[in-house]
Amino acid sequence: MSKSLVLYFSVYGSAKAVAEEIAKQTGADLQEIIPVKPYDSNRANYNSLAAYAKKEHDENMRPEIKNEINIENYDNIFIGYPMWWYTFPMIIYTLFDEYDFSGKTIIPFNTHMGSSDGGTYKTIAELEPNAKVLKGLPVEMSAAERGSETAVKKWLALLNI
């Protein structure tokens, strides 16, 4: 039996909620991607977070990851994130720059406010050509916060996981 990891980045907690549900249903280990410079998680400051995320995107920045991430012991790696400016946060690019997912199976998931996956699953396959990328799960942000148990269960059954 292959060992699985649910790796996620979340600021407002919606991607974290989906990550926790996936870990619960699969028995996978769970690990957060923590940035060196924390993002403001106060939703009242959404506009400033969005502006900063756009600046990161426009300047092709690579925010540093604070914690060590061990992917060596895992065959299947679920990778989750919120959608920012119709793509994944730039820290996810950092992840793919710094870690080699060759020979791994990547199973993406994301939360969004109407943009689905924004083409990010295809981008992951392009960034990691030596990994197998399975069909991802996009979850609308408010749905993720209400609970994603049924959506995750259906998705995992579709993937035969």
Side-chain angles (χ1 to χ4, degrees), residues 3-74 76-101 104 106-128 131 133 136-149 151-152:
K3 191 164 168 136
S4 298
L5 172 68
V6 180
L7 185 59
Y8 71 94
F9 170 72
S10 189
V11 172
Y12 290 150
S14 54
K16 178 182 181 181
V18 177
E20 289 173 342
E21 185 60 41
I22 293 167
K24 177 181 165 188
Q25 291 190 31
T26 63
D29 292 340
L30 183 67
Q31 185 173 6
E32 182 176 8
I33 300 165
I34 302 170
V36 167
K37 180 183 176 189
Y39 293 90
D40 186 347
S41 62
N42 182 340
R43 289 187 188 202
N45 301 328
Y46 172 80
N47 289 338
S48 62
L49 175 62
Y52 186 72
K54 183 164 179 18
K55 174 182 169 45
E56 282 188 348
H57 180 267
D58 291 350
E59 296 179 12
N60 202 27
M61 296 169 71
R62 296 293 191 269
E64 289 182 75
I65 296 172
K66 182 177 184 177
N67 53 321
E68 185 64 32
I69 297 167
N70 175 12
I71 63 169
E72 295 306 313
N73 299 327
Y74 300 96
N76 302 315
I77 304 172
F78 294 86
I79 299 177
Y81 47 87
M83 292 297 292
W84 286 2
W85 293 101
Y86 308 101
T87 189
F88 39 67
M90 297 308 289
I91 198 165
I92 300 299
Y93 282 101
T94 304
L95 177 74
F96 290 122
D97 287 351
E98 293 182 0
Y99 293 88
D100 181 8
F101 289 83
K104 307 288 184 188
I106 298 172
I107 312 158
F109 65 96
N110 67 284
T111 57
H112 63 90
M113 290 174 34
S115 60
S116 191
D117 75 289
T120 56
Y121 305 158
K122 183 179 179 214
T123 301
I124 292 169
E126 291 167 356
L127 292 172
E128 295 296 334
V133 180
L137 176 67
V139 180
E140 198 277 326
M141 187 174 159
S142 62
E145 292 170 356
R146 286 192 307 272
S148 59
E149 180 179 353
V152 168

Enquirer: Would a 4.5 Å heavy-atom cut-off, applied to side chains only, mark His112 and Met141 as touching?
Expert: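 His112 does not reach Met141 side chain to side chain.
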Enquirer: Whether the side chain of Thr26 engages the backbone of Ile22 through a donor-acceptor N/O pair (distance < 3.5 Å, no angle test) should be reported.
Expert: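 Here the side-chain-to-backbone pair exists.
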Enquirer: Any side-chain heavy-atom pair from Tyr74 and Asp29 closer than 4.5 angstrom?
Expert: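 Tyr74 vs Asp29: side chains touch.
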Enquirer: Measure the NZ-OG1 distance between Lys16 and Thr111 for me, rounded to the nearest 0.5 Å.
Expert: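 Result: 13.5 Å between the selected atoms.
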Enquirer: Counting neighbours of CD on Glu64 that are heavy atoms of other residues, nucleotides or ligands and sit closer than 6.0 Å, is the number greater than 12?
Expert: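 No, CD of Glu64 has 12 or fewer neighbouring heavy atoms, counting only those of other groups under 6.0 Å.
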Enquirer: Please answer whether the main-chain N or O of Gln25 pairs with a side-chain N or O of Glu149 as donor and acceptor at a distance below 3.5 Å.
Expert: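 No, Glu149 side chain to Gln25 backbone: no donor-acceptor pair under 3.5 Å.
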Enquirer: If you count heavy atoms of other groups shown closer than 6.0 angstrom to NZ of Lys104, is the number above 12?
Expert: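 Count over threshold, so yes.
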Enquirer: Which pair of heavy atoms, one from Asp117 and one from Pro138, lies closest together, and at what distance?
Expert: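 Result for this residue pair: N-CB, 4.1 Å.
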Enquirer: Between Lys24 and Glu20, is the closest basic N to carboxylate O distance under 4.0 Å?
Expert: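 A salt bridge is absent here (no side-chain N lies under 4.0 Å from a carboxylate O).
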Enquirer: Backbone N or O of Ser116 within a donor-acceptor pair of the Asn110 side chain at under 3.5 Å?
Expert: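 Pair found, side chain donor or acceptor close to backbone of Ser116.
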Enquirer: Hey, could you give me each pair passing ring-ring contact (aromatic ring centres under 6.0 Å, His included) that has a residue in residues 43-70? Not counting sequence neighbours.
Expert: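 Output for this query is empty, none listed.
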Enquirer: Please tell me if the side chains of Tyr39 and Leu49 come closer than 4.5 Å, counting only heavy atoms from C-beta onward.
Expert: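 They are in side-chain contact.
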Enquirer: Quick check for you: to the nearest 0.5 Å, what is the distance between Leu5 atom CG and Asn73 atom CG?
Expert: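 So the CG of Leu5 and the CG of Asn73 are separated by 9.5 Å.
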Enquirer: For the CZ atom of Arg62 and the CD atom of Glu98, what is their distance to the nearest 0.5 Å?
Expert: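 That separation rounds to 10.0 Å.
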Enquirer: Give, for atom CZ of Phe78 and atom CG of Leu7, the distance between the pair rounded to the nearest 0.5 Å.
Expert: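 It is 12.0 Å, given to the nearest 0.5 Å.
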Enquirer: Would a 4.5 Å heavy-atom cut-off, applied to side chains only, mark Phe101 and Ile124 as touching?
Expert: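 Side chain of Phe101 against side chain of Ile124, heavy atoms only: no contact under 4.5 Å found.
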Enquirer: Strictly by salt bridge (charged side-chain N to carboxylate O under 4.0 Å, His left out), give each pair with a member in residues 34-52 just once, sequence neighbours left out.
Expert: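 Salt bridge (charged side-chain N to carboxylate O under 4.0 Å, His left out) check on residues 34-52 returns Arg43-Glu145.
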Enquirer: Got Glu32 and Tyr8 here, is their nearest side-chain heavy-atom distance under 4.5 Å?
Expert: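 The answer is yes; the side chains approach within 4.5 Å.
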Enquirer: Can a donor-acceptor pair be found, under 3.5 Å and without considering hydrogens, that links the side chain of Tyr121 to the backbone of Leu137?
Expert: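 Looks like yes, one N/O pair under 3.5 Å.
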Enquirer: Measure the shortest side-chain to side-chain distance between Tyr99 and Ile77 over non-hydrogen atoms and say whether it is less than 4.5 angstrom.
Expert: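 Side chain of Tyr99 against side chain of Ile77, heavy atoms only: no contact under 4.5 Å found.
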Enquirer: Using atom types as modelled, flag every donor-acceptor pair under 3.5 Å from a side chain in residues 82-95 to any protein atom, sequence neighbours excluded.
Expert:
from	atom 1	to	atom 2	distance (Å)
Trp85	NE1	Ala50	O	2.9
Thr94	OG1	Pro63	O	2.8
Thr94	OG1	Met90	O	3.4

Enquirer: Does a side chain donor of either Tyr81 or Thr120 reach within less than 3.5 Å of an acceptor in the other side chain?
Expert: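 Short answer, yes.
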